[in-house]
Amino acid sequence: MPELPEVETVRAGLNKLLPGRIVADVWHNWPKSFPNAPADVARFLVGAKVLAVNRRAKVLIINLSGGYSLVVHLKMTGQLVFQAKNRRFGAGHPSDDLVAKLPVKSTHVIIDFTDGSKLFFNDQRKFGWMRLLPTDHLSDIDFFKKVGPEPLDDNFTVSKFIERLMRRPGSNIKSALLDQTVLAGVGNIYADEALFAAKIHPATLVADINRRKLTTLHSELRAILRTAIASGGSTDRNYVDAEGKKGSYLSFAQVFRREGQPCPRCGTTIIKIRVAGRGTHICPRCQKEPKTK
DNA sequence: CACTTGACCTGTCCGC
DNA sequence: TGCGGACAGGTCAAGT
C-alpha cells in the first residue's frame with residue numbers, strides 16, 4: 001500500500017505530533033507486528049522521549065532518546081495514527097472519523113504517551129511490522145545497506161537514475177522501478193503513472209530504452225512523486241495519514257485503477273495487464289508493446 | 001545469476 | 001443471501 005509519498009505524508013504528520021512526547025506504556029496483540037516486543041519494550045521504549053520522525057524508502061524511523069529507534073514498515077495495509085488526549089471521547093465526530101473510533105479491529109500495537117495521547121498501529125493484513133532497534137546501528141541492517149537512493153534527493157540526477165537502472169539491464173522496466181535496491185520508495189501506483197507519463201510499456205527491457213526516454217521517465221517520476229506528496233498521497237483502500245485522513249492523489253492519476261476509461265492523452269481505452277506479477281495499468285496506444293518479448 | 005512464484009494475512013468484490 | 005475464487009498498494013524466501 002503505502003509508497004514513498006504516503007510514507008512521507010505519515011512522516012511529516014508524525015513529526016509535527018510526536019516529538020517531545022514520552023512513552024508511558026505499550027500494548028500489542030500480534031507478535032509478528034512487533035517481533036522484539038515485549039522483551040525490549042520495557043527496557044528501551046518505556047520512558048523514552050520521541051526526538052524526531054524520519055523516513056528512508058518506505059520505512060519510518062521514530063528516533064527516541066536513550067539510543068533506540070522505532071522502525072516501522074506499513075507494507076500493504078499499515079496505518080500509524082495519532083490520537084490526542086480525550087479525542088476519542090469527544091461528541092459529534094462524523095461516522096468516518098477514524099481517530100474517534102480508535103482502537104479498531106485491525107489495531108495491533110498501541111503506544112501510550114505520558115500526556116494521555118496515543119499512537120495506534122493498525123494493519124488489516126498483518127504484513128507490516130515495527131521493531132525497536134539501536135539508532136547507531138540502523139545502517140548495519142541489511143535493508144538500509146542494500147536500499148537504493150531516494151528519488152527526490154537533489155543529487156538523484158538522470159545519470160544516477162540510468163546507472164541504477166542499468167544494474168538490471170535484462171529485466172523489464174517495471175520490475176526495475178519496483179526493485180528497492182535500484183531506487184527507493186517506488187511502488188505499483190507510481191511505477192504505472194510514471195511509465196504512462198513517459199510513454200514506456202512496462203514490459204520493455206531496461207537495456208532497450210533509449211536515453212531520451214529514460215530522461216523523461218526520470219523527470220516524470222520525480223514530478224509525480226512530488227505532486228503525490230503535495231496531495232497527501234493516494235488512498236485506494238486503507239491508506240490514511242497520521243491524523244487519519246485520506247490522500248487525494250488518485251484523483252490526478254492518469255491510468256492507475258482507470259481500466260475501462262479513456263486515456264486522457266489519446267482517448268484509447270486504458271487496460272489492465274499483468275507485468276512482474278503485478279496488476280499493471282497502461283494505455284495500449286501511448287505505451288507500445290516492445291518488439292522483443 | 002536473474003527472474004518468477006509462493007507465502008505472509010484479511011477483507012472485498014464478482015460471478016454463479 | 002451464500003459461497004468460492006481472484007485480487008489488493010510490499011517484500012522475502014524458495015524454486016526454476
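Numbered from 1 within each chain, the chains take letters A, B, ... in sequence-line order.
- Nucleotide C:dT11 holds its C1' atom 16 Å from the CD1 atom of A:Ile141, rounded to whole Å.
- Residue A:Arg285 qualifies as open at atom CZ: its count of foreign heavy atoms under 6.0 Å is 12 or below.
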Would you sketch DNA chain C in dot-bracket for me? Only Watson-Crick or G-U wobble pairs with both distances under 3.5 Å count, crossing pairs as [ ], other-strand pairs as |, the rest as dots.
-> .|||||||.|||||||
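- For the pair A:Asn122 CG and B:dG11 C1', the interatomic distance rounds to 15 Å; values are reported in whole Å.
- Remark: the separation of the P atoms in B:dC14 and C:dG9 is 16 Å, to the nearest Å.
- Distances shown here put every side-chain N or O of A:Gln180 at or beyond 4.0 Å from the OP1 or OP2 atom of C:dG10.
- Proximity of a side-chain donor or acceptor of A:Glu259 to a complementary backbone N or O of A:Lys272 within less than 3.5 Å is not detected.
- Considering all non-hydrogen atoms of both residues, A:Gln287 and A:Pro202 come closest at NE2-CD, 4.0 Å.
- Close to C:dA8, at under 4.0 Å from its OP1 or OP2, lies a side-chain N or O of A:Arg274.
- Atom P of nucleotide C:dG9 and atom CG of A:Leu178 are separated by 10 Å, given to the nearest angstrom.
- You'll find that the side chain of A:Lys32 is closest to B:dC9, out of B:dC9, C:dC7, B:dC3.
- As a whole-Å value, the separation of A:Arg237 CZ from C:dC7 C1' is 7 Å.
- Rounded to whole angstrom, the span from the CG atom of A:Asp236 across to the P atom of B:dG11 amounts to 17 Å.
- With a 6.0 Å cutoff to the six-membered ring centre and a 45° limit on the axis angle, A:Arg56 does not count as a cation-pi contact of A:Phe143.
- Of the listed nucleotides (B:dG11, B:dT4, C:dG9), B:dT4 has the atom at the smallest distance from the side chain of A:Asn172.
- Seen from the ring of A:Trp30, A:Lys126 counts as a face-on cation partner, given the 6.0 Å and 45° thresholds.
- Looking at heavy-atom distances under 4.0 Å, A:Lys146 makes no contact with the nucleic acid at all.
- Which of C:dT11, C:dC7, B:dT10 sits closest to the side chain of A:Lys58 comes down to C:dT11.
- Applying the 3.5 Å distance criterion, the base of B:dA2 shares no donor-acceptor pair with the side chain of A:Arg168.
- As judged by a 4.0 angstrom heavy-atom cut-off over every strand, A:Arg167 is placed among residues making no nucleic acid contact.
- The P atoms of B:dC9 and C:dC3 are separated by 25 Å, rounded to the nearest whole Å.
- The side chain of A:Phe143 sits closest to C:dC12 out of B:dG11, B:dC9, C:dC12.
- The environment of A:Arg43 atom CZ is sparse: at most 12 non-hydrogen atoms of other residues, nucleotides or ligands sit within 6.0 angstrom.
- Distances shorter than 4.0 Å separate some side-chain N or O of A:His73 from OP1 or OP2 on C:dT11.
- Remark: the A:Tyr249 side chain and the A:Thr235 side chain contain no N/O donor-acceptor pair separated by less than 3.5 Å.
- When rounded to the nearest whole Å, the span between CZ of A:Arg131 and C1' of C:dC12 equals 11 Å.
- Applying the 5.5 angstrom centroid cut-off and the 30 degree plane-angle cut-off, the aromatic ring of A:Phe127 is stacked upon the base of B:dC8.
- For the pair A:Lys174 and A:Gly279, the tightest heavy-atom approach, listed with the atom from each and the gap, is NZ-O, 3.4 Å.
- Here the side chain of A:His108 pairs a donor or acceptor atom with the backbone of A:Asp123 at under 3.5 angstrom.
- Residue A:Arg278 places at least one side-chain N or O under 4.0 Å from the OP1 or OP2 atom of C:dG10.
- As rounded to whole Å, 11 Å separates atom P of B:dT10 from atom CG of A:Asn29.
- B:dC8 atom P lies 13 Å from atom CZ of A:Arg125, rounded to whole Å.
- Within 4.0 Å (heavy atoms only), A:Trp129 reaches no atom of the nucleic acid at all.
- Between C:dG9 and A:Lys75, no contact under 4.0 Å exists linking OP1 or OP2 to a side-chain N or O.
- Mapped onto DNA chain B by nearest heavy atom, A:Gln124 and A:Gly277 fall at different nucleotides, with A:Gly277 at the one closer to the 5' end.
- Contact between the side-chain N/O atoms of A:Lys126 and the OP1/OP2 oxygens of B:dC8 is not found at any separation under 4.0 Å.
- Within 4.0 Å (heavy atoms only), A:Gly279 reaches sugar-phosphate atoms of the nucleic acid but no base atom.
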